[in-house]
Amino acid sequence: MISSCVWPSSYAFTAVIKACAELSALGFGRVVHCHVLAFGYGLNVFVQASLVSFYAKCGELGVARKVFDAMPERSVVAWNAMISGYEQYGYANEAVGLFCRMRDLGVEFDSATFVSVLSACSQLGAIDLGCWVHKYIRSHGLKLNVVLGTALINMYARCGDVSKAREVFDSMKEHNVGSWTAIISGYGMHGYGKEAMELFELMKSRGPTPNSVTFIVVLSACAHAGLVQEGREAFATMTTDHGLVPKMEHHVAMVDMLGRAGLLDEAFQYIKDIDSVRPSPAMWTALLGACKMHKNIKLGVQVAEHLLAAEPEIPGHYVLLSNIYAMAGRTDRVEVVRNMMIQKGLKKQVGYSTVEIDQKTYLFSTGDKSHPEATAIYQFLDKLMQRSRAAGYVPVCESVMHELEEEEREYSLRYHSEKLAVAFGLLKTRLGMTITIVKNLRMCEDCHTALKFISLICNREIVVRDKLRFHHFRNGSCSCMDYW
DNA sequence: TCTTATCCTT
């Protein structure tokens with residue numbers, strides 16, 4: 001168009017920029033941006049919004065924000081594009097922050113705004129804001145379409161309230177594969193395998209045809225609830241009844257399911273059969289986790305060696321192997337693994353936990369003393385652990401063995417981030433109130449045990465969302481029934 | 001014209 005000397009309209013630009021966004025064609029998009037300025041469309045609101053969206057989708061959030069900030073007048077679409085960009089790239093706090101600014105400025109929201117904000121709430125476990133959005137939607141009579149409804153289901157499930165998620169699902173007039181998948185996944189995350197399977201049956205009898213994602217979710221639900229037979233059947237019907245070809249994700253879920261159930265040899269054979277065709281470290285990782293869970297040192301070491309050869313740069317593999325050695329009391333091997341990590345310059349991912357109190361989110365990391373009330377929190381936690389010990393709690397020395405410095409070991413075990421967050425939550429909330437913690441990694445066995453005791457001695461319900469799933473602690477036991 | 005979700009292992 002340009003070489004033919006035809007003057008492009010703003011419409012031509014939005015279309016091309018949108019195409020660049022979909023292709024993640026950053027370089028070409030930049031050139032188009034130059035043309036936008038050359039042709040004098042730099043101040044066109046539609047073109048600007050498409051540029052914000054383009055840069056955001058390409059992960060260039062700083063540039064997107066520059067274009068966004070430079071807009072003399074911002075349409076709701078531009079706000080949405082910016083919020084969505086932050087959310088998609090994991091900057092949920094920034095997404096929420098921008099949403100709050102929008103609210104303060106009195107900008108009118110639309111359903112796209114809410115979808116992105118609800119996803120951000122899901123990431124953060126920010127149920128208070130999520131509920132606020134839900135109330136706003138209801139009080140303003142906004143129509144609950146499938147996309148918005150699914151975002152709500154997802155928010156409630158990931159923020160710990162799966163029955164609310166179900167209410168939303170039931171109240172929706174229209175369902176598609178996505179909304180069914182979302183609610184099944186929600187039950188699965190909470191360890192409610194039976195409910196997940198009942199819904200799956202209902203879906204098959206009177207809902208839309210399940211797709212590949214649905215089966216990942218179903219298999220994962222089975223894996224976390226010990227429903228091996230159900231999982232096997234679902235996997236089989238995937239091909240026979242639905243003509244779907246199992247992808248690597250399904251195989252990983254199958255290995256995970258067999259491994260968690262203690263069928264380690266079968267899981268091992270399963271991998272060998274598939275790995276010869278398509279090698280997949282993810283399957284080995286799942287098996288390694290299972291070896292640790294069932295304390296099978298011999299197989300674990302074998303699997304870990306295989307895995308380290310395939311993916312030498314992933315710190316998590318070394319951590320798992322070292323944990324396995326630690327459980328076996330092989331301190332010498334723990335040292336070796338630790339030195340391998342140091343040599344490769346690999347660092348353990350830093351764990352942190354957040355707790356929301358009065359709509360404010362507080363973040364704790366291991367041994368964290370940055371909180372102004374740190375002294376009180378630590379003292380209270382020490383007292384809690386003392387009382388737990390009196391009630392029968394015995395510390396589980398497992399992952400600690402891996403800490404770099406000698407004195408850090410005991411220290412970091414005692415002050416893992418979730419314990420600090422729980423102590424703070426107990427100090428700041430009244431009896432009868434549930435404490436909800438969001439953690440970026442999986443819980444360690446010691447914290448899991450400790451929280452069971454804390455729930456008992458304090459007579460409190462504690463909900464922890466770890467990287468993968470939910471734990472509801474009540475009266476000294478956990479909803480996962482110690483089956484992670 | 002520009003904006004909107006559902007998934008596995010660590």
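Within every chain, numbering begins at 1; the chains are lettered A, B, ... in the order of the sequence lines, protein sequences first and strands thereafter. For the numbers below, each heavy atom of this structure counts, side chains included, while hydrogens, waters and symmetry mates do not.
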Next item on the list: Applying side-chain hydrogen bond (donor to acceptor under 3.5 Å, both in side chains), name anything that partners A:Q269, two or more places apart in sequence or on another chain.
Entry: A:D273

Item checked: Strand-adjacent residues in residues 44-74 of chain A, judged by heavy atoms under 4.0 Å from DNA chain B -> A:F46, A:A49, A:S50, A:S53, A:K57

Checklist line | Out of B:dT3, B:dC2, B:dA5, whichever nucleotide has its closest atom nearest the side chain of A:S75 | finding: B:dC2

Check: What about A:N176: does its side chain form a donor-acceptor pair under 3.5 Å with the base of B:dA5?
Finding: yes

Notebook entry, point to check: Which part of the nucleic acid does A:D110 contact within heavy-atom distance under 4.0 Å: base, sugar-phosphate only, or nothing?
Noted result: base

Could you pull out the protein-nucleic contacts involving nucleotides 7-10 of chain B (nitrogen or oxygen on both sides, under 3.5 Å)?
residue: B:dC7; atom: OP1; partner: A:R158; partner atom: NH1; Å: 2.8
residue: B:dT9; atom: OP1; partner: A:H224; partner atom: NE2; Å: 3.1

Next item on the list: Would you mind reading off the distance between A:L118 atom CG and B:dT4 atom C1', rounded to a whole angstrom?
Entry: 11 Å

Check: Counting only non-hydrogen atoms, which of residues 79-97 of chain A are less than 4.0 Å from DNA chain B?
Finding: A:N80, A:S84, A:Q88

Note to self: Once you apply a heavy-atom cut-off of 4.0 Å, does A:K18 come out as touching a base, just sugar-phosphate, or nothing?
What the structure shows: sugar-phosphate

Item checked: Qualifying salt bridge (charged side-chain N to carboxylate O under 4.0 Å, His left out) pairs with a residue from residues 300-309 of chain A, counting only residues at least two apart or across chains -> none

Check: Listed by chain and number, what are the side-chain hydrogen bond (donor to acceptor under 3.5 Å, both in side chains) partners of A:N154, not counting sequence neighbours?
Finding: A:R158

Margin query: Suppose we call two aromatic rings close when their centres sit under 6.0 Å apart. Are A:W180 and A:F200 close by that rule?
Written below: no

Check: Quick one: A:I17 CD1 to B:dT3 P, roughly how many Å, whole number?
Finding: 10 Å

Margin query: Restricting to side-chain hydrogen bond (donor to acceptor under 3.5 Å, both in side chains), what partner residues turn up for A:E266, sequence neighbours left out?
Written below: A:R232

Next item on the list: Kindly state each residue pair satisfying salt bridge (charged side-chain N to carboxylate O under 4.0 Å, His left out) with at least one member in residues 203-223 of chain A, sequence neighbours excluded.
Entry: A:E201-A:K204

Check: According to the salt bridge (charged side-chain N to carboxylate O under 4.0 Å, His left out) rule, which pairs have a member within residues 123-140 of chain A, sequence neighbours left out?
Finding: none

Note to self: Tell me the interatomic distance from A:M172, atom CE, to B:dT6, atom C1', rounded to whole angstroms.
What the structure shows: 11 Å

Margin query: Using the side-chain hydrogen bond (donor to acceptor under 3.5 Å, both in side chains) criterion, which residues pair with A:R330? Sequence neighbours excluded.
Written below: A:D332

Checklist line | Ring centroid separation A:F54 to A:H33 under 6.0 Å | finding: no

Item checked: Which residues share a salt bridge (Lys or Arg N to Asp or Glu O under 4.0 Å) with A:R65, sequence neighbours left out -> A:D69

Check: Among all residues two or more places apart in sequence or in another chain, which pass the salt bridge (Lys or Arg N to Asp or Glu O under 4.0 Å) test with A:K57?
Finding: none

Item checked: Whole angstrom value for the distance that separates C1' of B:dT4 from CE of A:M155 -> 16 Å

